[in-house]
Amino acid sequence: MSDLINFYTDNAGLLVDKTLEHVVISAIGLVLALVIALPAGVLLGHRHTGSFIAISVSNVLRALPSLALIAISLAFIGLSRANITIALVALAVPPILTNAYTAVDNVDPDAVESARGMGMSEGQVLRVIELPLSWPLIFAGIRTASVYVIATAPLAALAGGGGLGDIIVNQATYGLAGVIAATIVAVALAFAVDGLLGLVQRRVTPRGLVVPKELSTIVPPVEHEVVA
Amino acid sequence: MTAAVTLFAQEGPVIPDFGRGDECIRENGKFCLNWFLDEFVDRFWPRVVEHIELTVIAVAVGFVIAFAAALVAYRWSRFELPFANVSALFYTIPSIALFQILVPITGIGWFTVEIALVSYTLLILFRNTLTGLREVPAEAKEAAEGMGLTRRQSLLQIELPLAAPAIVAGIRVATVTTISLATVGAFITPLGLGAPIFSAIQTGANTEFVAASLLAIALALIADAAIVFVQRALTPWSRARSPAT
């Protein structure tokens, strides 16, 4: 225990540097996944087509072991931050894609029909009706993805380096106290990001829309058997 | 000393045996198919078997624990939050850290890897089982009661079969997650397909870690497809109940 406290006091600068790197690595992976998965999921959900594609892509990506992806890209790219980024994007796309698709696809058809009846264009229907009603579920997917990404980013240390993984994977140098200290920071980071996203989620959720309790916790959304 | 020298002299110069000297391997190609095929049975297959063992044991043990906990939480809902929160905490702990942190407690070896793997399966299995049970239509439960089924009969004959698709969906996600995390477990002890990945990343032997990675990916995809196949065969009623469209 005193080892742990000593590590924090002796290596405060190192921990801050590695934590910032960790945030950057995680953010790159998460943002890329958002750019890929969010428009795709929302658009397919809006058109109520392509559920097979959305679900299959998610299922395949979810099955890919992160370490295997990192090792393969290491062979082809060499030591680089791209290795971990590929693995993190593969990890973050499934929850974002599935949730975005499911959320928009499941928006109350009556609401959508009324909007069309009022003369709204497709773009307006999406912007004014479907997206606001979908935000809670979409955000639940983003929060799950962020927890996965922050917890997996330490693998970066195996192929290119950077982030808290540099401490966690290097027990020989930093000792078990260092491993535990960096792990605690990583866990705290996951909770902090989840909490922040939770605040944003509450902000963007329309008043009057009740957020189910299960969406406001850190745990990932329940997986449903989806018959494609 | 002299004896040893004479012995060497008699046997001629010592030429290290590098096997057949496959050109691809000498050049450290990205993926040498011939070498992989030659080495598959001795070098890779035992790792595949270990990996399957690690995964099956972890999912089976995790399922027993999570299923029991879900039944308790289904009956008495105040038990839900504590269990969900504890198992959610594991999700935020990087696996490569958890394996190392467990070593001083449970030692280096198979047992430590399994403990970590089991703890990562709990959340998904618990939540899917509980949600599956809660989403059983009230009409079905009322009909069961009306037919005079006891609570236990209703659970076994009506509620669990209707919850089966959600439960199996949880097993499916838990299985592919475990296959992924088991590769990381080799960081502390050479077990499963992670072992050649870690050792070859150190030595830089491309073919070895690319091959082991491809095998891990293949294993995950095959397991995923196999579970879907088994589920469709075992629960034909699940297709009749179409999901929300």
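Chain letters run A, B, ... following the sequence lines, proteins first and then strands; every chain starts at 1.
Aromatic rings of B/F126 and B/F67 (six-membered ring for Trp) have centroids beyond the 6.0 Å cut-off, not under it.
Between chain B and the residues A/V169, A/V60, A/T152, the largest count of heavy-atom pairs under 4.5 Å involves A/V169. Considering only heavy-atom pairs separated by less than 4.5 Å from chain B, the leading option among A/L189, A/V179, A/I184, A/T102 is A/V179. Note on A/I70, A/L176, A/I150: by heavy-atom pairs under 4.5 Å with chain B, the leading option is A/L176.
When heavy atoms are compared at a cutoff of 4.5 Å, A/I168 approaches chain B by way of both its backbone and its side chain. For B/I93, the parts lying under 4.5 angstrom from a heavy atom of chain A are both the backbone and the side chain. Both the backbone and the side chain of A/L158 come within less than 4.5 Å of a heavy atom in chain B.
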Please tabulate, one pair per line, all N/O donor-acceptor pairs under 3.5 Å involving side-chain atoms of residues 179-191 of chain B, not counting sequence neighbours.
| residue | atom | partner | partner atom | Å |
| --- | --- | --- | --- | --- |
| B/S180 | OG | A/S66 | N | 3.4 |
| B/T183 | OG1 | B/S180 | O | 2.5 |

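A salt bridge does not link B/E159 with B/R134: none of the charged nitrogens is closer than 4.0 Å to a carboxylate oxygen.
Donor-acceptor pairing under 3.5 Å is lacking for the side chains of B/T55 and B/T178. With no hydrogens or angles considered, a side-chain donor-acceptor pair links A/T173 and A/N170 at under 3.5 Å.
Distance alone, capped at 3.5 Å, places no donor-acceptor pair between the B/D224 side chain and the A/A63 backbone.
Exactly one residue among B/I115, B/I108, B/L117 makes a side-chain contact (heavy atoms from CB on, under 4.5 Å) with B/F99. That residue is B/L117.
For residues 209-218 of chain B, a heavy-atom distance under 4.5 Å to chain A picks out B/F209, B/V210, B/S213, B/L214, B/A216, B/I217, given by residue number.
Open room surrounds CZ on A/R47; 12 or fewer heavy atoms of other groups in view lie less than 6.0 Å from it.
Between B/F36 and B/F44, the ring planes lie tilted relative to each other; the angle falls in the 30° to 60° range.
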